[in-house]
Amino acid sequence: MEFRRRTISNPLRSSTPAVKFSTKTDTSSSVQASDALPLPIRHTNKLFSAIFMVSIYYLMCRWRDKIRTTTPLHLVTLSEISAIVGFIASLIYLISFFGIAYVQSFISSHDDEDDFILPCNTPAPCPLVCSEKPPLPAAPLSGDDEEIVSAVVSGKIPSYILESRLGDCRRAAEIRREAISRITGRGMEGLPLDGFDYDSILGQCCEMPVGYVQLPVGIAGPLLLNGKEYFVPMATTEGCLVASTNRGCKAIAASDGAVSVVLKDGMTRAPVVRFATAKRAAELKFFLEDPRNFETLAIVFDSSSRFAKLQGIKCSLAGRNLYMRFCCRTGDAMGMNMVSKGVQNVLDCLQNDFPDMDVISISGNFCSDKKPAAVNWIEGRGKSVVCEAIIKGEIVKKVLKTSVSALVELNVIKNLAGSAVAGALGGFNAHASNIVTAIYIATGQDPAQNVESSHCITMMEAVNDNNDLHISVTMPSIEVGTVGGGTQLASQSACLNLLGVKGANLDSPGANARLLATIVAASVLAGELSLMSALASGQLVKSHMKFNRSNRDMSKSLPSDS
């Protein structure tokens, strides 16, 4: 049972926008199929179910007898008429009983989505791009806001529709935040609300926001890479990380800089399909890997985007399941959505020649995304990068406070042999993921992709008559982009701009993303150099105890309910 609450005011007579929404009564008062009968519902269900089965059985027996005796079917007796009436009545009852809940839920959903109108301070919907206007100041909840909060708490208004109905993303976040506080009984005073552009995340970055988390951003550099200097932004809460990376940058810059090369550029997506037999799955594998078919498949794939360029397809068979790993260039975007669209185009095309192909999933984990996998370590994913530098012996002693021989020995025992003993997969390094994650958060990358992006093997050798140190990092799967996702947010965009890789490169599509990948690798090189030096000289614990311990008594600043 539904009712409307609160009369709509005339907008010409009042400056306060109207509120109109549907509410539902308690489920105990909802309409039941047997409300018209004096019997309890369990008895009416049994009664009409019995009538339905008996009527069907009787009519089928009479139909069979008439066919045997060649009696016209349209000639019916009184008992047959009674059976037909009983069949129709019981069928109507059963359909009503089992269907009314669905009908009510459909009507309820329709009212929530279409009939619900909230007060709106701004007539235009929230834009999907970053707005330059300043955030609205905080204000106490008005009468209208208080009513909306109560409706969200009671479940009458879905929290996820606030942005679209209010037309004010910041106001929606404030109302949702207050509703969550009342539901949980816990405040969120330490979580900032103001000072963030909520319009910029609508529809692409985060759903149902209630605030934002503050992270400090430090700068390491200058990092001298390929003859140019870069100041690297790092968002982290780990003390000494930025300082350590900065020391590595200093040692690199004092030794004529680092050189970095992109070896491969290609994002992957691997759908999985199934056939009735393994032989049939193998036929598709041979078809996809036949060079004569690649051009046709590339045309189909590339039609999904002007930046998508299919590079190759590698297949793996597991019984009658076929895993197809598509690899393509994606311009300056990280490219997961782009390659997925291209794969979908190819699957639709293959369905014409292989109609018995059953598409199980657009991703079969042979990609492999956000999971440690040997296929990424061996084949690469995203940008495969190698970065090297020759650190002068005097710099090793003066800046890094250790020796070339000590670093070389430690690298073999720790990064190579130690990681092998641990059974590491792509983890032949000291702490590559530290630097990768800090840069990813600062520049709007997907932090979860640090799993495969941190695959790294660090090599160190004594060169120039054992006087200098040759250090290199090889990272086969750095997944970065300079457009899309979190890169368009104001803070992250500013960090990309600091590196000179903001947005798409119009002259050479993909150049900005590739440059960002080389900066990530060079920063990892700096971090590896500094941490290994601290370990070799025995200064790691001492430096952390000096710089990574706060004297502030945090217990005094925590809320009483924490």
Note: Arg269-Asp369 ion pair, threshold 4.0 Å (strictly below): no
Heavy-atom donor-acceptor pair, Ser255 side chain to Ala251 backbone, under 3.5 Å: yes
Leu310 side chain reached by Phe326 side chain, heavy atoms, under 4.5 Å: yes
Lys/Arg-Asp/Glu bridge criterion (N-O < 4.0 Å) met for Glu163, Arg176: yes
Ser316-Arg325 side chain donor-acceptor pair, cut-off 3.5 Å: no
Sub-4.5 Å side-chain heavy-atom contact between Glu207 and Ile201: no
Stepwise salt bridge (charged side-chain N to carboxylate O under 4.0 Å, His left out) check, Arg170 with Asp194: CA-CA 8 Å; Arg170 187 241 175 246; Asp194 294 314; 2.6 Å; yes
Ring geometry between Tyr212 and Phe196 (parallel below 30°, tilted from 30 to 60°, perpendicular above 60°): parallel
Close side-chain approach of Thr487 and Met334, heavy atoms under 4.5 Å: no
Backbone of Leu416 reached by a side-chain donor or acceptor of Ser419 within 3.5 Å: no
Met338 side chain near Met267 side chain, heavy-atom distance below 4.5 Å: no
Polar side-chain atom of Glu289 near backbone of Cys315 as donor-acceptor pair, under 3.5 Å: yes
Closest heavy-atom pair and its distance - Ala373, Ser368: CB-CB, 3.7 Å
Heavy-atom closest contact (Ala374 atom, Leu425 atom, distance): N-CD2, 3.7 Å
Heavy atoms from other residues, nucleotides or ligands near CD of Glu229 exceed 12 (cutoff 6.0 Å): yes
Nearest heavy atoms of Asn429 and Ser454, plus distance in Å: ND2-O, 3.8 Å
Enclosure of Lys228 NZ (heavy-atom neighbours >12, cutoff 6.0 Å): no
Side-chain H-bond candidate by donor/acceptor type, Ser530 with Arg247, under 3.5 Å: yes
Any donor-acceptor pair under 3.5 Å from Asp332 side chain to Asn505 backbone: yes
Side chain to side chain, Val524 and Val436, heavy atoms closer than 4.5 Å: yes
Pairwise side-chain contact, Thr237 with Pro216, heavy-atom cut-off 4.5 Å (strictly under): yes
Lys285 NZ: over 12 foreign heavy atoms closer than 6.0 Å: yes
Donor-acceptor pair, side chain of Arg274 and main chain of Ala281, under 3.5 angstrom: no
Side-chain donor/acceptor of Asp353 to backbone N/O of Leu350, under 3.5 Å: no
N/O donor-acceptor pair under 3.5 Å between Thr518 side chain and Leu515 backbone: yes
Check: Asp358 side chain, Val273 main-chain N or O, donor-acceptor pair, under 3.5 Å: no
Flag side-chain contact, heavy atom, 4.5 Å: Val473 against Ile457: no
Residue of the set Lys370, Lys383, Arg381 for which salt bridge (charged side-chain N to carboxylate O under 4.0 Å, His left out) holds with Glu452: Arg381
With sequence neighbours excluded, residues passing salt bridge (Lys or Arg N to Asp or Glu O under 4.0 Å) with Glu528: none
Neighbour count >12 (heavy atoms, 6.0 Å) for atom CG, Asn337: no
Least distance between heavy atoms, Leu166 atom then Ala172 atom: CD1-CA, 3.7 Å
Under the ring-ring contact (aromatic ring centres under 6.0 Å, His included) test, residues paired with Phe275 that sit two or more places apart: none
Test item: Ile471 and Leu525 side chains (from C-beta on) under 4.5 Å apart, heavy atoms: yes
Derivation and outcome, salt bridge (charged side-chain N to carboxylate O under 4.0 Å, His left out), residues Arg280 and Glu283: CA-CA 5 Å; Arg280 184 62 171 159; Glu283 291 177 3; 2.7 Å; yes
N/O donor-acceptor pair under 3.5 Å between Ser361 side chain and Gly364 backbone: no
Minimal non-hydrogen separation, Tyr230 against Ile519, with atom names: CD2-CD1, 3.7 Å
Flag, side chain of His431 to backbone of Leu531, donor-acceptor distance under 3.5 Å: no
Nearest heavy-atom neighbours spanning Cys249 and Ala526: N-CB, 3.6 Å
